[in-house]
Chemist: 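Right, I'll just put the structure down here and ask away after.
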Amino acid sequence: MGPDVEYVRVRVTADPENWEGHGGAKVGEELILAKDLFKEVIRHHCEEIETFPGSDLIGRSYEPLFPDAVDRDGSETAWTVIGADWVTTTDGTGVVHTAVMYGEDDYNLGMEVGLPAQHTVGMDGAFLSGTHPSLDGRYVKDCDTTVIELMHDAGLLYREKMYLHDYPHCWRTGHPLLYYAMDSWFVRMTAVKEMLLEFNSEVEWAPDWVGEGRFGEWLRNVKDWAISRERYWGTPLPVWVCNECGHQHCVGSTEEMASMAKEGSPVAEDLHRPFVDDTILVCSECNGDMKREPFVMDCWFDSGCASFAQWHHPFGEEGKFENNFPIDYICEGVDQTRGGFYTLLAVSTTVFDSICYKRCLSLGLILDAEGKKMSKSKGNIVDPWDHFNREGADATRWYMVTAGAPWNPMKFDPNGVRETYGKMFLTLWNVHRFHADYAALDGFDPATSPKGNTTPLDDWVLSRLAEVVEGTTKQFEEWDFHKACRDIEEFVVNDVSNWYVRRSRRRLWDEADSDDKLACQHTLHKVLVTVCKLMAPVSPFMSDTIHRNLEGVSVHLADWPEADEVDKEIIETMALVRELAETGRRIRVDADRRQRLPCAEGWIVSGPDLSAFHEILAEELNVEIISLEKDLDRFQRVEVVPNRRTLGAKCRQDLPAVLQGIEDGESQAMLASIEAGNLVIAGYEIGADDIELRRVEREGYAAQTVQIADSSVSLVLDMSDSPELLSKGLARDITRRIQASRKDMNLAIEDTIALNVWMKDSPELFTPDKEWIISETRASSANFNSGEGEGDSFEVDGATIWFTVSRS
RNA sequence: GCGCGGGUAGCUUAGUCGGCUGGAGCACCCGGCUGAUAACCGGGAGGUCGCAGGUUCGAGUCCUGCCUCGCGCACCA
């Protein structure tokens with residue numbers, strides 16, 4: 001009973017209105033239970049006799065329910081009321097019948113107060129004979145009804161009630177389990193608790209809260225380690241016990257075992273069971289025969305020994321252990337708190353007085369796409385081989401690293417692997433192929449080819465590379481693998497492939513050797529080699545293949561890259577250039593001017609010096625020339641627009657007339673009048689509050705402004721047309737269509753074609769633009785005709801174009 | 001029951017010391033570009049930042065409670 005729980009003694013005064021199941025009570029009978037549970041339990045009409053704390057009854061004796069089940073065995077406390085502070089009044093009666101051998105609390109209590117420690121159930125789960133004639137030999141879980149009936153018949157049962165509660169089951173078979181007190185060997189871990197805590201504080205944990213929180217909590221509550229197991233397979237417990245005097249000896253080596261062996265006894269060569277069990281030792285105390293304890297050791301003990309066992313220490317491993325202890329880094333799932341993390345520390349603490357790992361990364365679990373734990377029996381597992389075979393191990397690994405922080409649980413999304421494969425790995429491979437194909441064609445050798453002179457584009461990508469090396473190295477060191485890899489991916493896809501390579505294609509197409517081409521090849525070579533080094537720890541296969549192709553040796557033998565100096569200015573400048581290139585496309589969409597139709601001029605208004613990239617920008621924007629202009633007013637004018645809210649209140653039904661007046665008025669003149677305070681439209685005085693100002697492009701221009709750090713830069717495009725521009729635009733469109741045809745026909749880049757073009761209602765196509773088409777499309781012959789033609793056709797700006805392409 | 005960590009668009013996620021209109025990718029819709037690769041660019045649609053309170057001039061962010069998911073621990077008489 002709970003010593004501090006309030007109990008009540010009641011007397012039954014009348015029968016209940018209804019009753020279900022076994023049990024019962026007669027009028028006049030007395031019952032004792034926790035006062036809080038009276039309403040829950042009692043169905044009879046009762047009168048309260050007295051209330052008292054549980055401590056009042058401690059020591060009082062009672063008649064056992066099954067008198068023959070357990071021997072008193074001299075116990076003073078058997079069948080007396082005992083106090084226990086874990087007794088609750090949340091369910092039941094507040095009175096607990098303890099079963100010493102079948103629960104940890106019960107066992108501890110029984111040992112504390114001296115209850116007989118006798119089994120009533122065998123290892124087979126059946127009642128031992130002598131428990132009760134109706135129960136003996138029967139599996140305990142089958143006896144619930146019998147027990148209830150026996151107690152009912154003896155008049156010892158008040159009520160029966162079904163209720164749900166948790167119960168342990170075998171995780172594999174689902175069969176119910178019994179708690180069962182049995183002999184075990186323990187390692188007294190509680191004796192080294194302070195050491196465990198001290199050593200743990202020397203370990204660098206990622207994330208730190210697992211070390212301090214979850215694992216620290218586990219250590220603060222450390223229990224003695226039940227190390228023996230009743231299994232056949234496993235590391236035999238090296239303890240022998242004397243049959244005569246009970247002396248116990250733990251053998252420390254094979255030599256010691258051999259030296260203690262009884263004459264004539266086999267000495268096990270193979271230390272596994274069953275051979276080792278045959279070895280009989282001589283007792284050092286009484287010369288009696290000693291037999292090995294039948295247990296093997298918890299297999300987690302073997303895991304905990306990894307720090308030295310992997311080197312076969314202490315058996316002449318020539319310093320391998322000393323050189324690798326404690327190890328720099330281990331990494332396991334967070335569910336290994338009591339497994340790997342703990343047993344490694346437990347063994348090294350008790351055996352070596354030391355930590356055995358300096359850093360520990362606790363990984364989040366991998367869950368299925370719905371966030372449930374993967375389980376073979378539930379069938380929600382992902383077979384990694386599906387992805388290895390489809391997207392490759394590299395993409396699978398890269399996806400898993402970039403999907404989130406390593407310590408967070410991860411919802412594995414097969415789609416994400418696909419995405420990583422397409423985006424990162426195909427892109428990287430294509431960049432490599434692009435470089436390698438031309439390098440091979442040109443006989444490029446990174447070691448001997450002249451360096452060439454780098455362009456600002458090269459300088460930019462090398463600076464970005466340096467920035468990525470510096471940043472990701474730091475992130476790797478600080479456990480932020482996911483951030484590092486996301487940055488590498490961003491660099492490869494966005495900077496290298498989508499900008500550097502795209503902007504460099506024409507440099508490598510040049511068939512003649514050139515300084516510029518060499519600079520580009522050296523740059524690409526360095527970028528690829530360095531990227532391979534950065535990603536090698538995460539995706540070891542493609543990085544190694546590319547590295548071997550480029551450098552002839554494995555990336556895994558290379559040193560980690562050192563960051564070159566970062567030119568922040570060029571990085572910022574290029575960011576602006578790219579922003580402006582995108583802005584140009586936005587302007588064209590808004591102004592409804594197709595991308596292929598060139599503009600005569602583009603102006604950059606204010607902002608930093610971008611002259612190094614004017615050529616790139618001109619191509620991206622498809623403008624003939626980039627110019628600088630200080631005065632935005634050259635392209636924009638201020639326009640007065642009405643403030644309908646104030647004007648509506650003022651003019652009411654005359655508003656349309658006023659709006660019309662404002663629309664018809666000249667903005668500059670109206671502004672001047674407002675300033676002078678004398679603008680009157682349709683009889684109403686118009687003040688500054690009645691209008692708003694809007695900047696609009698002057699006729700023939702389109703502009704947009706981008707914000708950078710502390711200022712703004714505007715881009716203005718000339719929207720005017722000319723015969724020359726229309727001709728160039730037409731040439732672009734024709735070329736584009738022919739190139740698509742070439743691709744559809746699977747022509748190789750060096751193949752030549754015979755070309756025929758017919759143009760109807762088109763602007764004039766000037767000779768230089770015809771020549772440009774011929775050269776771009778590798779036409780060995782070309783005819784440009786007027787009027788309707790044959791073959792494929794398309795329309796552009798009101799013109800209709802036909803063309804035929806054939807291999808020549 | 002106790003402890004640790006999550007919950008942000010249909011999905012995966014970023015979000016710094018509390019501070020501008022909560023960013024991005026996938027998928028979707030519209031448009032563009034491409035000898036440019038499962039690529040790229042512009043635009044659109046899509047948000048109760050798990051719920052409820054509180055602190056604050058201001059909360060996705062800090063505090064409290066609750067719901068929910070994952071893990072660990074304990075209990076299951």
Side-chain angles (χ1 to χ4, degrees), chain A residues 84 86-88 90-92 95-100 102-107 109 165-168 177 179 207 209-218 220-221 223 333-339 341-342 362 364-367 369-373 391 399 402-405 407-413 415-416 418-431 433-434 482-483 486 489-490 493-494 497-499 501-502 505-506 509 578 581-590 592-596 620 622 732 735-736 738-744 747-749 751 776-778:
Chain A
W86 40 258
V87 174
T88 66
T90 48
D91 16 51
V95 181
V96 177
H97 199 205
T98 188
V100 177
Y102 308 105
E104 189 181 351
D105 278 349
D106 299 53
Y107 184 81
L109 180 67
H165 63 94
D166 293 334
Y167 194 88
L177 302 174
Y179 285 93
W209 69 75
V210 171
E212 288 157 19
R214 175 181 288 221
F215 193 63
E217 199 61 29
W218 165 264
R220 280 186 284 278
N221 295 320
K223 300 271 175 13
V334 67
D335 55 332
Q336 292 303 321
T337 304
R338 66 178 171 139
F341 298 152
Y342 173 66
S362 151
L365 297 188
I366 300 168
L367 310 171
E370 282 163 19
K372 303 277 182 208
K373 188 177 181 177
E391 292 95 1
Y399 162 70
T402 51
W407 43 84
N408 283 338
M410 174 196 188
K411 288 187 206 165
F412 189 95
D413 181 9
N415 215 19
R418 194 84 186 151
E419 206 177 299
T420 298
Y421 167 72
K423 199 166 184 182
M424 173 68 179
F425 287 89
L426 287 185
T427 302
L428 178 64
W429 186 250
N430 282 315
V431 169
R433 281 293 305 280
F434 175 75
H482 56 307
K483 292 183 182 171
R486 284 168 180 174
E489 181 170 330
E490 170 76 12
V493 173
N494 194 28
S497 175
N498 290 333
W499 193 250
V501 170
R502 181 158 76 88
R505 278 178 184 274
R506 283 183 179 268
W509 288 347
R578 295 179 70 176
E582 289 174 13
T583 301
R585 282 188 274 263
R586 198 156 46 224
I587 290 172
R588 282 173 179 272
V589 169
D590 290 350
D592 200 21
R593 186 187 182 94
R594 70 182 206 276
Q595 197 70 35
R596 291 190 204 95
E620 286 289 323
N622 194 15
R732 283 279 300 268
T735 302
R736 154 79 189 121
I738 297 166
Q739 302 290 41
S741 282
R742 286 187 57 119
K743 200 171 182 180
D744 289 343
L747 295 186
I749 289 171
D751 289 342
E776 282 291 303
T777 61
R778 286 185 173 250

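Just so we're on the same page: letters track the sequence lines, and every chain starts at 1.
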Chemist: Please compare A:N494 and A:H482 by the position of their nearest nucleotide in RNA chain B and report the one closer to 5'.
Modeler: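 Nearer the 5' end of the strand: A:H482.
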
Chemist: OP1 or OP2 of B:G32 less than 4.0 angstrom from a side-chain nitrogen or oxygen of A:R588, does that happen here?
Modeler: no

Chemist: Which of the following nucleotides, B:U12, B:A77, B:U37, is nearest to the side chain of A:D413?
Modeler: B:U12

Chemist: Base, sugar-phosphate, or nothing for A:T98, non-hydrogen atoms under 4.0 angstrom?
Modeler: sugar-phosphate

Chemist: What's A:A84 touching, base or sugar-phosphate or nothing? Going by heavy atoms closer than 4.0 Å.
Modeler: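 Answer is nothing: A:A84 stays at 4.0 Å or more from every strand.
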
Chemist: Please answer whether the main-chain N or O of A:E776 pairs with a side-chain N or O of A:Q739 as donor and acceptor at a distance below 3.5 Å.
Modeler: yes

Chemist: Taking CD from A:E490 and P from B:C26, how many angstroms apart are they, rounded to a whole number?
Modeler: 12 Å

Chemist: With sugar-phosphate meaning primed atoms plus P, OP1 and OP2, does A:L109 contact a base, only sugar-phosphate, or nothing at under 4.0 Å between heavy atoms?
Modeler: nothing

Chemist: Of the nucleotides B:A74, B:U12, B:G42, which one has an atom closest to the side chain of A:K223?
Modeler: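 Looking only at heavy atoms from C-beta outward on A:K223, the closest nucleotide is B:A74.
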
Chemist: Measure from the side-chain heavy atoms of A:K423 and tell me the nearest of B:C41, B:C40, B:G35.
Modeler: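 Between B:C41, B:C40, B:G35, the one nearest the side chain of A:K423 would be B:C40.
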
Chemist: Step through it carefully: locate the ring centre of A:Y399, locate the ring centre of A:F412, and say whether they are under 6.0 Å apart.
Modeler: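 Ring-ring flag for A:Y399/A:F412: true, centres closer than 6.0 Å.
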
Chemist: Provide the Watson-Crick or G-U wobble partner of B:U37, both distances under 3.5 Å; none if there is no partner.
Modeler: none

Chemist: Figure out the CD/C1' separation between A:E582 and B:G43, and round it to whole Å.
Modeler: 13 Å

Chemist: Among B:A77, B:A38, B:C33, which nucleotide sits nearest the side chain of A:L426?
Modeler: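 My answer, after comparing the listed nucleotides, is B:A38.
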
Chemist: Could you tell me whether A:R732 contacts a base, only the sugar-phosphate backbone, or nothing, with contacts defined as non-hydrogen atoms closer than 4.0 Å?
Modeler: sugar-phosphate

Chemist: Please pick, from B:A77, B:C11, B:C73, the nucleotide with the shortest atom-to-atom distance to any side-chain atom of A:D106.
Modeler: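 Closest nucleotide among those given: B:A77.
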
Chemist: Between B:G1 and B:G58, how many Å separate the two P atoms, rounded to a whole number?
Modeler: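 Each nucleotide's P atom is 36 Å from the other's.
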
Chemist: Is it the case that the side chain of A:R486 and the backbone of A:T402 share a donor-acceptor pair, with hydrogens and angles ignored and the cut-off at 3.5 Å?
Modeler: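 Such a contact is found between A:R486 side chain and A:T402 backbone.
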
Chemist: Output the rounded distance in Å from CZ (A:R594) to P (B:C41).
Modeler: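 From A:R594 CZ to B:C41 P: 23 Å.
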
Chemist: Please work out if A:F215 contacts a base, only the sugar-phosphate, or nothing of the nucleic acid, heavy-atom cut-off 4.0 Å.
Modeler: nothing

Chemist: With the side chain of A:E419 defined as its heavy atoms from C-beta on, choose the nearest nucleotide among B:G35, B:G25, B:A38.
Modeler: B:G25

Chemist: So does A:R588 get a backbone contact from the side chain of A:R593, meaning a donor-acceptor N/O pair under 3.5 Å?
Modeler: no

Chemist: Which part of the nucleic acid, if any, lies within reach of A:Q739 when heavy atoms closer than 4.0 Å are counted: base, sugar-phosphate only, or nothing?
Modeler: base

Chemist: Which whole-number value in Å describes the distance from A:I587 CD1 to B:G32 C1'?
Modeler: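 A:I587 atom CD1 is separated from B:G32 atom C1' by 15 Å.
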
Chemist: If only side-chain N and O atoms of A:R596 are considered, is one of them under 4.0 Å from the OP1 or OP2 phosphate oxygen of B:U34?
Modeler: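 Yes, such a contact exists.
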
Chemist: Please report the distance separating the P of B:G60 from the corresponding atom of B:C73, rounded so that it comes out in whole Å.
Modeler: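 One P to the other, the span is 37 Å.
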
Chemist: How many whole angstroms separate atom OH of A:Y399 from atom P of B:U12?
Modeler: 9 Å

Chemist: Find which nucleotide of RNA chain B each of A:N415 and A:Y421 is nearest to by heavy atoms, and output the residue with the more 5' nucleotide.
Modeler: A:N415

Chemist: What distance, rounded to whole Å, do you find between the two P atoms, one in B:G23 and one in B:G44?
Modeler: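 Approximately 12 Å lies between the P atom of B:G23 and that of B:G44.
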
Chemist: Between B:G25 and A:R486, is there an OP1 or OP2 to side-chain N/O distance shorter than 4.0 Å?
Modeler: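 For A:R486, the contact criterion (side-chain N or O under 4.0 Å from OP1 or OP2 of B:G25) is not met.
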
Chemist: For the base of B:U34, is there a side-chain donor-acceptor partner from A:R736 under 3.5 Å away?
Modeler: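 Side chain to base: pair present.
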
Chemist: Considering Watson-Crick and G-U wobble pairs with both distances under 3.5 Å, what does B:G42 pair with?
Modeler: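 The answer is B:C30, by the H-bond criterion.
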
Chemist: Would you say the side chain of A:N494 lies within less than 4.5 Å of the side chain of A:W499, judging by non-hydrogen atoms?
Modeler: no

Chemist: With a 4.0 Å cutoff (strictly under), does any side-chain N or O of A:K743 reach OP1 or OP2 of B:U37?
Modeler: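 Answer yes for this pair, as a side-chain N or O of A:K743 is under 4.0 Å from OP1 or OP2.
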
Chemist: Atom CE of A:M424 and atom P of B:A39: how far apart are they, to the nearest Å?
Modeler: 16 Å

Chemist: P atom, B:U16 versus B:C63: distance in rounded Å?
Modeler: 14 Å

Chemist: How many whole angstroms separate atom CZ of A:F412 from atom C1' of B:C69?
Modeler: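 Taking atom C1' of B:C69 as the reference, CZ of A:F412 is at 20 Å.
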
Chemist: Distance between the P atoms of B:G47 and B:G10, in whole angstroms?
Modeler: 6 Å

Chemist: Determine which nucleotide pairs with B:C62, using a 3.5 Å limit on both distances of a Watson-Crick or G-U wobble pair.
Modeler: B:G54

Chemist: If we call it a pair only when both distances are under 3.5 Å in a Watson-Crick or G-U wobble match, what pairs with B:C2?
Modeler: B:G72

Chemist: What's the closest nucleotide to the side chain of A:R742 if the choices are B:G35, B:C41, B:C40?
Modeler: B:G35

Chemist: Do the side chain of A:N622 and the main chain of A:R596 share a donor and acceptor less than 3.5 angstrom apart?
Modeler: yes

Chemist: Give a yes or no on this: more than 12 heavy atoms of other residues, nucleotides or ligands lie within 6.0 Å of atom CZ of A:F434.
Modeler: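 Buried by this count: over 12 neighbours within 6.0 Å.
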
Chemist: I'd like to know if A:E620 pairs up with A:R578 as an ion pair, taking the criterion as any Lys NZ or Arg NE/NH1/NH2 lying under 4.0 Å from an Asp or Glu carboxylate oxygen.
Modeler: no

Chemist: Under a 3.5 Å cut-off for both distances, is B:A14 Watson-Crick or wobble paired, and to whom?
Modeler: none

Chemist: What's the CD-C1' distance between A:E489 and B:A14, to the nearest Å?
Modeler: 14 Å

Chemist: Which value, in whole Å, describes the distance between the P atoms of nucleotides B:C49 and B:G22?
Modeler: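 Their P atoms lie roughly 11 Å apart.
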
Chemist: Base, sugar-phosphate, or nothing for A:W218, non-hydrogen atoms under 4.0 angstrom?
Modeler: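 Result for A:W218 = sugar-phosphate.
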
Chemist: Is it the case that the side chain of A:R742 and the backbone of A:A748 share a donor-acceptor pair, with hydrogens and angles ignored and the cut-off at 3.5 Å?
Modeler: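 The answer is yes, because a donor-acceptor pair under 3.5 Å joins these two groups.
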
Chemist: Identify whether any heavy atom of A:S497 sits under 4.0 Å from a base atom; if not, whether one sits that close to sugar-phosphate; answer base, sugar-phosphate or nothing.
Modeler: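 Since a base atom lies under 4.0 Å of A:S497, the category is base.
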
Chemist: How far does the C1' atom of B:C62 sit from the matching atom of B:A74, given to the nearest Å?
Modeler: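 My reading of the C1' atoms in B:C62 and B:A74 gives 31 Å.
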
Chemist: Picking from B:U37, B:A77, B:A38, which would you name as closest to the side chain of A:V96?
Modeler: B:A77

Chemist: Would you measure the distance from the P atom in B:A24 across to the matching atom in B:G6 and give it in whole Å?
Modeler: 25 Å

